[in-house]
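The next block holds one structure in the form of structure tokens; read it before the comments.
The structure displayed is predicted, hence computed values, not measured ones. The sequence lines fix the lettering, A, B, ..., with proteins before strands; numbering per chain opens at 1.
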2 protein chains.
Amino acid sequence: MQEQTDPPGEPSPGLVSTAIQAITQHIRSEGLAPGDPLPSEAAMTRQLNVSRTVVREAFRSLSAMRLIDLSAGRRATVAKLDTGAMSMVIEHGITTQQISVQQVYDVRRTIEMRTVALAALRRTKTEAAAIADAARLMRENFKNPETVMEHDIAFHEAIAAASHNPVFSLIVTAFSGVTRRTWVIGWRTRSSDEDQLKMIKGHEDIADAILKGDPRLAAEHMAQHFDKSVKALLDAGIA
Amino acid sequence: MQEQTDPPGEPSPGLVSTAIQAITQHIRSEGLAPGDPLPSEAAMTRQLNVSRTVVREAFRSLSAMRLIDLSAGRRATVAKLDTGAMSMVIEHGITTQQISVQQVYDVRRTIEMRTVALAALRRTKTEAAAIADAARLMRENFKNPETVMEHDIAFHEAIAAASHNPVFSLIVTAFSGVTRRTWVIGWRTRSSDEDQLKMIKGHEDIADAILKGDPRLAAEHMAQHFDKSVKALLDAGIA
DNA sequence: CCTCGAAAACCTGTATGACAGGTTGTTATT
DNA sequence: AATAACAACCTGTCATACAGGTTTTCGAGG
């Protein structure tokens, strides 16, 4: 048993926060990698000298942020990098009107101008093919907006992946949720088939530039794509 | 009482996840703003027909992501946009070696090249003064690395704030934790006082450009700053 | 009628015990 | 040696209890 009878040194921000820190500290100090198991709830309960309630809420919190994976019967394991928490933060900002859709698009533009250039420089052949495939599938399904949207999102995520910097992937993917909620609006403002196909053509131009390995051209096409998308949203009255 | 005896339609990803979704959904559908109160645990317990344990774990999870604020005795309230969750995700990626410090710096460079340009265009006088102050305090305390670092971080966050896009602030602030862990390493490689003062001069140049309202010049100085910082980290052997 | 303060009602934080059901390692049987 | 039953362990959920903190109520006194 421990002898930490809560010395009056700390203002104690709650036992759960302490437990969360203890767990992340454990991951750090043990140098755990994704997939590695964490101590059981019972073990943590003993180690921290608190109730299982507290330990459970700590584990559950980390699971909500996708830092660990929980599943019944099994020990908790260290999680692979996941965009879950970031998505929720962004969504929360949007729904509580602390950030606007246009602000998100500004950030996306900044980031994707870079990912597309990096992708042109670093993409493997497989990645270039995946990007081109997404663009092709947009065209083939262009009568079905929902499907076009999903391939559009996959297109941007594939570019981020081809940048070979997971932090970019993380951020771009976190924005996908916002895209899902606003995409259709932009699509509708492109009333004619011609406009819609022109937008798809823009994606194909980007994919081509990446395949050619021309970062400047790729960035230029990406810039045009974003300018048109933002304009479409503004036309639709999205603040 | 509800009549939702768990129809066998859904594979049920756990009651807690369901509760989390119900709460965020409540925020959305009621159009709640930061500071607005949420239903009590008891109310949620009745509404969802689950135990308080489940509801508590849901609230606690949202609190861990800083989407809501909890405090004893009071109802939970909708939280202001906060970087807590994003920071933890990034830190987790670093400690589990799924992302490298250099990758974080690449993203920072991309983003801050933009925030600094926006700051030059949009900053208020107060913001320009805050940025200049941070640079000044770096110089005044340059014998005390810890203090210099804190003002350095404040400097970059002030620039992000002056971009008037909270999403940029969110991301830049989320990276501050990583900076705190690696900053000293970069500082040490600048062995001489001269080198260290030169680095501080770089910050002052950025502040001046922002004050002048010259986005191009500001971005140029920021680029140089990052190039030197990354070089310092690489020299120190940070992968 | 208004003010002020104390009690009541409500709320969250933490602990404990219980049980269902999933997972894993062990053992006994074939 | 392969396999099937079993035991041990683990997480998911529920019910209950109580200690404090916060808000509301309400009555006493001015």
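- Between B:Glu57 atom CD and D:dG12 atom P there is a gap of 8 Å when expressed in whole angstrom units.
- Whole-Å rounding puts the A:Glu41 CD to C:dT16 P distance at 15 Å.
- A salt bridge links B:Asp133 with B:Arg136: at least one charged nitrogen is closer than 4.0 Å to a carboxylate oxygen.
- Remark: P of C:dT14 and CG of A:Asn49 are 14 Å apart, rounded to the nearest angstrom.
- Minimum atom distance to the side chain of A:Val54 is reached by C:dT14, of the listed D:dC10, C:dT14, D:dA15.
- Summarising the geometry, the separation between CG on B:Leu38 and C1' on C:dC10 is reported as 17 Å, rounded to the nearest angstrom.
- Comparing C:dT16, D:dG12, C:dG13 by their closest approach to the side chain of A:Thr53 singles out C:dT16.
- Neither OP1 nor OP2 of C:dA18 sits under 4.0 Å from any side-chain N or O of A:Arg52.
- With rounding to whole Å, B:Phe59 atom CZ is found 10 Å from C:dG13 atom P.
- A side chain to side chain contact (heavy atoms under 4.5 Å, CB included) with B:Val104 is found for one member of B:Ile99, B:Thr179, B:Thr182 and no other, namely B:Ile99.
- Atoms CG (B:Asp69) and P (C:dT12) sit 14 Å apart, rounded to a whole Å.
- The aromatic ring centroids of A:His156 and A:His151 lie 6.0 Å or more from each other.
- Considering only side-chain N and O atoms, B:Arg74 lies nowhere under 4.0 angstrom from the phosphate OP1 or OP2 of C:dG13.
- By the 4.0 Å N-to-carboxylate-O rule, A:Arg180 lies close enough to A:Glu150 to be salt-bridged with it.
- Nucleotides of DNA chain C nearest to A:Ala72 and A:Val16 differ in position, and the one nearer the 5' end is that of A:Val16.
- For B:Arg60 and C:dC11, the CZ to P distance is 18 Å, given to the nearest whole Å.
- To the nearest angstrom, P of D:dT11 lies 10 Å from CD1 of A:Ile68.
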